[in-house]
Amino acid sequence: EKVKAEVTAGDKGGEAGEWSARKAQMAVAEYKKRGGGYEGGKDADNSLHQWTEEDWGTKSGKESGKTGERYLPKKAREALSDEEYSRTTAKKRADTTAIRVFADNLRELLLAPALGQKNVLALDPGFRTGCKTVVLDRQGKLLHHDVVYPDRHPDEAGEKIKGFVKFFNVEAIAVGNGTGGRETEAFLRTLGLPATVPIIMVNESGASIYSASEVAREEFPDLDLTVRGAVSIARRLQDPLAELVKIDPKSIGVGQYQHDVNQRALARALDGTVEDCVNAVGVDVNTASVPLLARISGLNASMARNIVDF
């Protein structure tokens, strides 16, 4: 029960706090690793023996991995008409291709070049509520936040931004690519900022998801959701991988029609892509967050939390 509780609380193999078939496999492996040997009784209801005796295959007799056909027991294959089998096989092939595209798009986002450790000023554009502005240091720590109104009070907004750039020694400016992003970028370019301070548009997909998440509330319990979103934009410029792992991959905007494909297969593929990227790049233990460390092979959420607390 202790092992099961630990695996369930982690976010590997599924959502944190939710049980899944993958987590069941992980729990068994962890249980055996700790010296457990109980396997439980087997009967007709909980044994998979009957499944292993089934004649599994495709209607064409070829390998499913090469043809993309559905891989089913003989009785199930015979129960489906040719039309039904062709239709469901076509759906499976389409899902497989779409999920591969989603995973490739996610990999491109996660492995985007990082700006590195630089002081960053970020603006989350907005017309009615103003541009949420934050300044982060080289380690991603929030130094200051404010709201400016370039459309209604351009002179005041310009003076504030130039003051932030000078006072905090800002080395780069990130602008969210949402509504008003281009207008905000154009406004910044009229301020005569130093040529050494680049102005970069940043994909803000999923920033609102992060700002309302438990991770964001834990990091910034006293800040408004809009400020948290601006912080996420700044950190995406500094280190996209470290920031995007905090968000459900399906919320990052990795492709169209993602709700039409097999959701379990999609989640499995995207989670695998995130873990592959994190383990390929590696992490700095001194600055890594709990969500980032939890993606490292051999670690789970509780172990990552203990490392950060230590």
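FYI, side chains are in, hydrogens and waters are out, and symmetry mates aren't considered; it's all heavy atoms of this structure. Since the structure is predicted, the reported quantities are computational estimates derived from the model, not experimental observations.
A 4.5 Å side-chain heavy-atom check between Leu110 and Val281 finds every atom pair outside the cut-off. Within the 4.5 Å cutoff, the side chain of Leu244 has no heavy atoms near those of the Tyr210 side chain. Put simply, the side chain of Asp239 does not reach to within 4.5 Å of the side chain of Arg235, judged on heavy atoms. Contact annotation: the side chain of Tyr85 approaches that of Glu69 to within less than 4.5 Å [non-hydrogen atoms, C-beta and beyond]. Residues Leu142 and Leu223 have side chains in contact (heavy-atom distance under 4.5 Å, counting atoms from C-beta outward). Here the side chains of Pro240 and Leu109 are not in contact, with every heavy-atom distance at 4.5 Å or above. A heavy-atom distance below 4.5 Å is found between the side chains of Val245 and Leu241. Taking 4.5 Å as the limit, every side-chain heavy atom of Ser213 sits out of range of all side-chain heavy atoms of Lys246.
To the nearest 0.5 Å, atom NZ of residue Lys2 and atom CD of residue Glu6 are 6.0 Å apart. Atom CZ of Arg70 sits about 11.5 Å away from atom OG of Ser86, to the nearest 0.5 Å. Rounded to the nearest 0.5 angstrom, Asp271 CG and Arg295 CZ are separated by 5.0 Å. Going from atom CZ of Arg128 over to atom CZ of Arg152 covers 9.0 Å, rounded to the nearest 0.5 Å. To the nearest 0.5 Å, the span separating CD on Glu156 from CD1 on Ile161 amounts to 10.5 Å. Taking CG of Asp124 as the reference point, atom CD1 of Ile233 lies at 4.0 Å (rounded to 0.5 Å).
Both Phe167 and Leu191 are part of a single hydrophobic cluster, where members link through side-chain heavy atoms under 4.5 Å apart. Taken together through direct or relayed side-chain contacts under 4.5 Å among Ile, Leu, Val, Met, Phe, Trp and Tyr, Val285 and Val308 form part of one hydrophobic cluster. Val227 and Val147 sit in two unconnected hydrophobic clusters of ILVMFWY residues. Membership requires side-chain heavy atoms under 4.5 Å apart, directly or through other members. Clustering ILVMFWY residues whenever any of their side-chain heavy atoms sit less than 4.5 angstrom apart, transitively, puts Leu237 in a cluster other than the one holding Leu123. Both Val283 and Met303 belong to a common hydrophobic cluster when Ile, Leu, Val, Met, Phe, Trp and Tyr are linked at side-chain heavy-atom distances under 4.5 angstrom.
Shown here for Ser232 and Glu243, the closest heavy-atom pair between the two residues is OG-OE2, 3.2 Å. For the pair Lys59 and Leu80, the tightest heavy-atom approach, listed with the atom from each and the gap, is NZ-O, 2.9 Å. Across all their heavy atoms, Ala304 and Val290 have their closest contact at CB-O, 3.6 Å. The nearest pair of heavy atoms linking Val7 to Ala27 is CG2-CA, 3.9 Å. The two residues Phe127 and Thr179 come nearest to each other via the heavy atoms CE1-CG2, 4.0 Å. Looking at every heavy atom in both residues, Leu136 comes nearest to Gln238 through CD2-OE1, 4.0 Å.
Judged by distance alone, the side chain of Thr133 and the main-chain N or O of Cys131 form a donor-acceptor pair under 3.5 Å. At distances below 3.5 Å, not a single donor-acceptor pair connects side-chain atoms of Arg107 with backbone N or O atoms of Asp276. A donor-acceptor pair under 3.5 Å is formed between the side chain of Arg236 and the backbone N or O of Asn203. For Thr97 (side chain) and Ala94 (main-chain N/O), no donor-acceptor pair under 3.5 Å exists by modelled atom type.
Counting non-hydrogen atoms of neighbouring residues, nucleotides and ligands closer than 6.0 angstrom, the CZ atom of Arg182 reaches no more than 12 such neighbours. Counted within 6.0 Å of CD on Gln139, heavy atoms from surrounding residues, nucleotides or ligands total more than 12; the atom is thus considered enclosed. Atom CD of Glu83 has 12 or fewer heavy atoms from other residues, nucleotides or ligands within 6.0 Å. Few gaps surround CD on Gln263; more than 12 heavy atoms of other groups in view lie less than 6.0 Å from it.
For Glu78, the side chain to side chain contact (heavy atoms under 4.5 Å, CB included) criterion is met by Lys74, not counting sequence neighbours.
The side-chain contact (heavy atoms from CB on, under 4.5 Å) with Arg228 is formed by just one residue from the set His145, Glu219, Arg217; it is Arg217. Leu193 pairs in a side-chain contact (heavy atoms from CB on, under 4.5 Å) with only one of the listed residues (Val170, Leu121, Ile173), which is Ile173.
Ion pairing of Asp95 with Lys91 is present here, as a side-chain N (NZ or NE/NH1/NH2) and a carboxylate O approach within less than 4.0 Å. For the pair Glu171 and Arg138, the salt-bridge criterion is met [side-chain N within less than 4.0 Å of a carboxylate O].
In this pair, Phe168 and Phe164 present their aromatic rings tilted. The plane angle is within the 30 to 60° band.
No donor-acceptor contact under 3.5 angstrom links the side chains of Glu275 and Ser297, judged on distance only.
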Let's go through Asn279 and Ile296 carefully: what are the C-alpha distance in whole Å and the side-chain angles of both, what is the deciding distance for side-chain contact (heavy atoms from CB on, under 4.5 Å) to 0.1 Å, and is it a yes or a no? CA-CA 6 Å; Asn279 285 280; Ile296 295 293; 4.1 Å; yes
Derivation and outcome, side-chain contact (heavy atoms from CB on, under 4.5 Å), residues Lys92 and Thr89: CA-CA 5 Å; Lys92 178 191 174 186; Thr89 291; 5.5 Å; no
For a side-chain contact (heavy atoms from CB on, under 4.5 Å) check, start with the C-alpha distance between Val274 and Leu106, then their side-chain angles and the critical distance, and finish with the verdict. CA-CA 8 Å; Val274 173; Leu106 177 62; 3.8 Å; yes
